[in-house]
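These values consider heavy atoms only, across backbone and side chains, with no hydrogens, waters or symmetry-generated copies. Numbered from 1 within each chain, the chains take letters A, B, ... in sequence-line order.
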There are 2 protein chains.
Amino acid sequence: MAKAPRRGPYICGIDAALDVVSGKWKGLILWELDAHRVRRFSELRRGLPGVSEKMLTQHLREMEEDGLVHREVHAEVPPRVEYSLTEHGRTLNQALGPLGAWGVERIRREGSEVVDTAKTSH
Amino acid sequence: MAKAPRRGPYICGIDAALDVVSGKWKGLILWELDAHRVRRFSELRRGLPGVSEKMLTQHLREMEEDGLVHREVHAEVPPRVEYSLTEHGRTLNQALGPLGAWGVERIRREGSEVVDTAKTSH
DNA sequence: CCGCATCCTTTAGGATACTG
DNA sequence: CAGTATCCTAAAGGATGCGG
C-alpha cells in the first residue's frame, strides 16, 4: 500500500499542526475519541455520518503514525479493535479549542448550515 | 473565473475554521499580515518563499471573501495594492496561537526539518 | 507592479466489491 | 467486525505566458 504523502519540512508551527489535522474527518475523530476515551472501529463509523470505510481506516492509520492515536487489537472472534488518544492527541485537542470556538462564531455570523446540531460544543 | 469550491455546511466549529485556513500558504499569510499590519503584494511574495503568483492571488481572494483580509487598491502608476487583516482575521490569528505552539513542540519532538528558521516564534 | 488565463500534474476523497 | 484492493472523480496546486 502506498504510504501517506509524508509530512514535509515545515515553515512554522501552524504548518506542522495543520498537516496533522487536515483531512476531512480528523477533527471529528479527535473529538469522538476525546469524548469517549475509547472507541471501536464501528462505533467511530457510526459517529461520523458519511465517512467511508476507506477514509476512516486511512485517517486512523495516519493519526496513529503521527502519534495521536493508539490502536489496540484484541485477538478475538469476531475481532475487536479499540482506538484511543495518546497524550499528544489529547494536547492537540486542547490546542484546537480556541480554533473551534472561533469557527462556531464564524458559523453564527454568517448563518451557515450545520450538519449535526447535536454536537453544539464544538 | 471559477469560484472557490464553496464552503459547505459544517459539522462543527473546527470544521468551519479549518475550511478557512487550509490552503498551503494561508497560515503564513495570516502571520505575515499580523506581524507587519500592512503588506503589498510583492512584499507578501517575498515573505513566502516558493509561493506562485497564482496561489498567492487565489489565497488572498478567498481570504478576502471570507472576511479575513482587507484589500486596498491605490490608483497609481505603477499600481500599489495593500493587504491587511480585518478584525476577524486578527481574532483567527489569536485562535491559532495554541495550535502553533503545539506544532512547534511537534517539530521539536521529532526533529523535523524547518524551512525558515528566522521565524522562531511560530 | 499586480495581476489573469490556460494547461498540466498531483493528491484527496468517494464507490464498490471482496476477505480473514 | 474490521478491514483490503481497485477504480474513479474532483479539487488543490504548479508552470508558464500575456496584459493593464
Q. Listed in order of residue number, which residues of residues 72-79 of chain A have a non-hydrogen atom at under 4.0 Å from DNA chain D?
A. A/Pro78, A/Pro79
Separation of [X] atom [atom1] from [N] atom [atom2], in whole Å?
X: A/Met63; N: C/dA12; atom1: CE; atom2: C1'; result: 16 Å
X: B/Leu18; N: D/dA12; atom1: CG; atom2: C1'; result: 16 Å
X: A/Glu62; N: C/dT11; atom1: CD; atom2: P; result: 13 Å
X: B/Arg39; N: C/dC2; atom1: CZ; atom2: C1'; result: 16 Å
X: B/Arg45; N: D/dG14; atom1: CZ; atom2: C1'; result: 12 Å
X: A/Leu60; N: D/dG3; atom1: CG; atom2: P; result: 8 Å
X: A/Ile29; N: C/dG13; atom1: CD1; atom2: C1'; result: 13 Å
X: B/Leu44; N: C/dG3; atom1: CG; atom2: C1'; result: 14 Å

Touch class at under 4.0 angstrom, heavy-atom based, for [X] against every strand present:
X: A/Arg71; result: sugar-phosphate
X: A/Ser52; result: nothing
X: B/Arg40; result: sugar-phosphate

For [N] and [X] - does any side-chain N or O of the residue sit under 4.0 Å from the phosphate oxygens OP1/OP2?
X: A/His59; N: C/dA12; answer: no
X: B/Arg61; N: C/dC4; answer: yes
X: A/Tyr83; N: D/dC1; answer: no
X: A/Lys54; N: C/dA12; answer: no
X: A/Trp25; N: C/dG14; answer: yes

Separation of [Y] [atom2] from [X] [atom1] (nearest 0.5 Å):
X: A/His59; Y: A/Lys54; atom1: NE2; atom2: NZ; result: 9.5 Å
X: B/Leu33; Y: B/Leu44; atom1: CG; atom2: CG; result: 5.0 Å
X: B/Leu99; Y: A/Leu18; atom1: CG; atom2: CG; result: 5.5 Å

Q. So, A/Arg106 and A/Glu110, do they make that salt bridge, N to O below 4.0 Å?
A.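 Yes, this pair counts.
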(Q) Testing the 3.5 Å rule here: is there a donor-acceptor pair between the side chains of A/Arg71 and A/Tyr83? (A)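 The answer is yes; a qualifying pair exists.
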Q: May I ask you to establish whether B/Arg109 and B/Trp102 are in a cation-pi arrangement, using a distance under 6.0 Å from NZ or CZ to the six-membered ring centre and at most 45° from the ring axis?
A: yes
Q: Quick one: do B/His74 and B/Glu82 satisfy side-chain hydrogen bond (donor to acceptor under 3.5 Å, both in side chains)? Show the steps, please.
A: CA-CA 8 Å; B/His74 299 267; B/Glu82 291 183 330; 3.1 Å; yes
Q. B/Gln58 or B/Glu53: which one's nearest nucleotide on DNA chain D is closer to the 5' end?
A.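 Per heavy-atom nearest nucleotide, the more 5' residue is B/Gln58.
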Q. Nearest to the side chain of B/Lys24, which nucleotide is it out of C/dG3, C/dG14, D/dG13?
A.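 My answer, after comparing the listed nucleotides, is D/dG13.
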(Q) Go through it in stages, so that I can follow the logic: the residues are A/Glu105 and A/Arg108, the test is salt bridge (charged side-chain N to carboxylate O under 4.0 Å, His left out), and I'd like the CA-CA distance, side-chain angles, deciding distance and then a yes or no. (A) CA-CA 5 Å; A/Glu105 255 307 293; A/Arg108 198 195 52 73; 2.8 Å; yes
